[in-house]
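Below: the structure, in structure tokens.
This chain uses plain numbering: 1 for the first residue, then up along the sequence. Atoms within a ligand are numbered from 1 in the order they appear, just like the ligands themselves.
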Amino acid sequence: MSSLRFVQVEPFTPVILPPGGALQPGPPGRHLGHYPSLPPGYQSMPPGHTAQPYPLKQQPYQQPPGPAGLSPSLAAMSLQSGMPEALRVVNLLQERNLLPPGPLPAPTPCLTQDLQRINCNPEVFRSTLTSIPQTQSLLNKAKMPLGLLLHPFKDLSQLPVVTSSTIVRCRSCRTYINPFVSFLDQRRWKCNLCYRVNDVPEEFMYNPVSRAYGEPHRGRRYRTPPQPAVYLFVLDVSHNALETGYLHVFCQSLLDNLESLPGDSRTKVGFITFDSTIHFYNLQEGLSQPQMLIVSDIEDIFLPTPDSLLVNLNESKELVQDLLKSLPSLFEKTMETQSALGSALQSLPNLGAGALQSREDPNQRANAKDVQHLSPATDFYKKLALDCSGQQVAVDLFLLSAQYCDLASLGNSLIFCFLSGAVYYYPSYHQQHNPAQVERFQKDLKRYITRKIGFEAVMRIRCTKGLSIHTFHGNFFVRSTDLLSLPNVNPDAGFAVQMSIDENLDDTQVVSFQAALLYTSSKGERRIRVHTLCLPVVNSLSDIFAGADVQAMTGLLACMAVDRSITASLSDAREALTNAAIDSLACYRQSVLTIQQPGLLAPACLRLFPLYILALHKQKAFRVGTSTRLDERVSAMLQLKYQPLAYAMLMIHPTLYRVDDLTDEGALNINDRTIPQPRVLQLSVEKLSREGAFLMDAGTVMYLWIGRNCNPSFISQVLGVPSYAAVPENLYLLPELDTAESQRVRAFVGWLKEQRPFAPTLHIIRDESQMKSSFLQSMIEDRTESALSYYEFLLHLQQQISK
Ligand SMILES: [Zn+2]
């Protein structure tokens with residue numbers, strides 16, 4: 001067996017909890033037994049939790065929760081076998097239809113109903129292991145990664161907001177009072193993270209009239225006044241950039257949504273354009289039209305008149321509108337081919353500071369054993385990013401490009417490691433030739449401009465004494481061991497952390513995790529959003545396995561593999577992924593199974609683990625043997641790290657549906673709309689049929705594949721063309737036809753799109769289409785020239801495990 005593994009954290013010296021400092025052992029429910037001074041409404045709307053406790057959304061295929069609504073593992077224990085459903089033995093080599101027909105629900109932690117009812121929504125906060133091992137050595141034995149995945153600023157339909165003058169926090173560890181603390185009596189509460197007993201302040205009174213909880217305003221102690229919202233748009237106006245036609249789309253989008261830009265009367269905006277020189281725009285109130293200032297000495301950028309470049313949006317609105325209307329034509333005839341991105345950014349890349357050389361060797365794409373140049377070529381952007389972070393500036397990068405543009409340097413350094421920004425990547429963007437990308441850019445921009453935003457943010461993740469966080473994944477700057485600095489926080493960003501167990505958790509039955517996000521809202525208010533997750537502690541390997549969350553594990557492993565690709569190599573990362581599957585299943589076989597039997601055995605909760613690991617191997621970020629442009633690879637890596645779990649899973653393992661025979665059977669009814677719910681199919685060409693039409697949802701992109709002999713009524717009633725041969729090559733929109741078939745398909749596709757904040761492109765493809773290879777590359781269960789089929793991969797795992 002190979003030695004390449006993801007870093008295993010060494011066990012730490014166990015420390016005995018101080019006498020009296022530990023939580024009294026007892027049934028978990030007891031901790032919540034006393035809320036003496038609180039009215040009943042409190043427990044259903046605890047601070048830091050979404051108003052609707054889990055499950056948040058209607059999930060059509062959610063597995064039945066078992067008798068009496070117990071959590072699945074508890075419920076199953078009452079069955080004859082005495083074994084929880086999560087541990088039911090599955091022989092992966094025999095059972096071929098493991099994929100559930102609908103979305104895979106997050107596992108429910110094995111807690112009492114009372115605790116689980118008030119637990120954090122798994123869409124916001126979840127753990128790879130919903131049962132926490134008591135010791136690090138037990139965690140090491142289980143060979144599964146321990147970590148948390150967060151979507152802390154997610155848009156929520158209902159968010160309780162606390163407006164009390166006192167924020168109740170533990171005096172010792174600063175944890176916010178939460179539903180999992182225990183009240184000793186009317187006057188004292190015991191912290192569930194450090195076990196200190198705290199006094200309940202007089203002011204901690206619930207106001208039954210306002211019934212408001214959850215996102216407290218920051219109290220008086222905050223030091224400096226909150227900053228106003230400031231937006232600076234830096235636009236490439238070199239010949240190549242303008243040739244794509246993006247500037248029209250950008251200016252029009254901003255004009256359309258100028259009123260929706262989050263902020264208040266203090267909001268400031270500014271614009272910089274650049275080619276081989278840098279152009280600033282004076283938009284000061286009182287001018288009759290915008291003034292352009294050109295700085296050609298890009299080695300020594302200075303701001304000509306800073307006050308007039310970043311102007312108050314309200315006061316200078318007409319000048320801003322004038323500028324946006326005239327910008328696209330201003331550079332229409334430009335011959336400038338140089339682009340001084342580094343210098344342009346510094347004033348706040350093939351010329352001046354930060355210039356990047358083309359490093360990709362196109363001949364090496366397909367057959368190289370490993371991929372070079374995944375790490376940044378220059379530390380210019382890294383330094384710039386650190387500077388920006390110190391000044392509470394976040395940088396988002398929209399990259400619209402036909403050629404290689406060294407995203408590894410730009411993205412990695414600028415955004416990836418240090419800033420709370422994001423990278424948006426539109427390969428082969430062109431106004432005329434690529435309408436699908438244009439539509440995606442338009443929709444992304446609208447979301448980008450209008451979504452909620454928080455400034456000057458910091459996030460701290462606290463865990464119960466004994467647990468600690470050692471590695472962070474996401475876009476931010478790590479200021480200290482548990483404090484993350486985010487110049488901006490947006491509602492579409494996900495984070496992950498890896499944890500270790502420093503001290504044995506012998507004396508407690510539950511542990512808690514609390515993420516606190518402190519930020520300035522666009523209205524200038526200081527706010528704190530708090531999420532608290534409670535999980536049971538267990539001391540046997542079988543209990544750890546029973547609580548494994550296969551999707552959370554996959555998401556965390558993807559982040560770890562990105563890091564490994566950059567710090568070591570792509571082949572190391574791929575090998576470590578395979579070993580994660582081998583090690584966990586080998587441990588299960590050796591230490592959990594009581595009866596040995598032949599085959600590749602997995603507990604039911606991990607039955608999809610090998611499939612997801614194989615899917616990661618074939619994902620753009622980590623695949624080999626297929627031509628993958630370096631920028632596309634790096635973009636996929638950035639996405640995997642940045643996307644909240646739900647969207648990352650769609651990128652890793654897309655969902656496939658047959659859509660030419662949609663029916664109302666089992667459909668959802670939302671706001672008078674009927675949304676068909678076709679079953680999810682395995683990602684194999686075996687599941688396709690030439691007589692059908694199939695929709696693949698891969699997160700940022702969707703494919704509608706039309707079979708050669710597809711039902712003619714589908715082609716005419718849904719696509720609006722007379723025959724298969726008449727389906728156009730570049731079709732990316734479903735026509736709005738007044739037929740039942742068209743309505744069903746559009747309702748389903750529209751419903752899928754509504755469930756994510758970004759706009760996926762839809763490609764409608766025939767067998768002859770150029771996009772067909774992208775569609776087929778996602779059929780990850782099939783064998784390709786250079787990659788194993790699912791069945792071969794299972795055989796490989798079995799061979800390694802039985803060594
Ligand atoms: Zn505490």
Side-chain angles (χ1 to χ4, degrees), residues 12 14-26 28 30-38 42-43 46-49 111 115 118-120 125 127 132 134 148 150 152 162 164 166-204 213-216 218-219 221 458-470 479-484 497 499-518 528-537:
F12 291 75
V15 175
I16 309 301
L17 290 171
L23 194 65
Q24 292 302 310
R30 263 184 46 195
H31 308 317
L32 252 206
H34 314 283
Y35 265 96
S37 57
L38 296 173
Y42 183 83
Q43 295 199 12
H49 289 266
L111 293 166
L115 280 181
I118 53 174
N119 217 349
C120 195
F125 205 167
S127 171
I132 301 295
Q134 203 172 55
L148 303 169
L150 294 89
V162 176
S164 74
T166 306
I167 297 167
V168 183
R169 301 174 69 177
C170 172
R171 288 175 65 93
S172 173
C173 72
R174 312 303 294 154
T175 289
Y176 296 85
I177 194 165
N178 63 75
F180 308 105
V181 304
S182 39
F183 280 86
L184 303 179
D185 53 45
Q186 298 257 351
R187 298 249 150 252
R188 292 176 305 153
W189 62 278
K190 190 181 220 176
C191 176
N192 53 329
L193 271 70
C194 76
Y195 309 123
R196 185 192 205 275
V197 175
N198 291 275
D199 292 336
V200 178
E202 288 292 326
E203 303 95 298
F204 187 62
Y213 284 115
E215 190 169 272
R218 179 73 188 185
R221 275 166 299 158
V458 288
M459 182 163 71
R460 201 186 287 272
I461 303 168
R462 295 182 171 86
C463 341
T464 292
K465 186 170 156 52
L467 292 162
S468 71
I469 293 169
H470 63 79
R479 226 189 260 172
S480 65
T481 48
D482 61 349
L483 186 67
L484 309 178
V497 300
M499 287 189 297
S500 56
I501 303 163
D502 304 348
E503 299 172 25
N504 292 352
L505 304 165
D506 300 334
D507 295 328
T508 181
Q509 295 195 336
V510 291
V511 288
S512 299
F513 308 89
Q514 188 175 74
L517 184 67
L518 172 67
I528 309 164
R529 194 191 275 202
V530 181
H531 304 287
T532 313
L533 174 69
C534 179
L535 295 175
V537 175

Scanning both residues in full, the closest heavy-atom pair of Thr508 with Val511 reads CG2-CG1, 4.2 Å
Would you mind telling me which of Thr464, Leu467, Thr532, Leu193 makes a side-chain contact (heavy atoms from CB on, under 4.5 Å) with Phe513?
Leu467
Minimal non-hydrogen separation, Val200 against Trp189, with atom names
CG2-CD1, 3.6 Å
Note: His531 and Cys120 closest approach over all heavy atoms is CB-SG, 3.9 Å
At what distance, to the nearest 0.5 angstrom, does OG of Ser172 lie from CG of Asn198?
8.0 Å
Grab the two heavy atoms, one from Glu503 and one from Lys465, that are nearest each other, plus how far apart they are.
OE1-NZ, 3.6 Å
Below 2.8 Å of the Zn ion (ligand 1), tally up the protein N/O/S atoms for me.
4
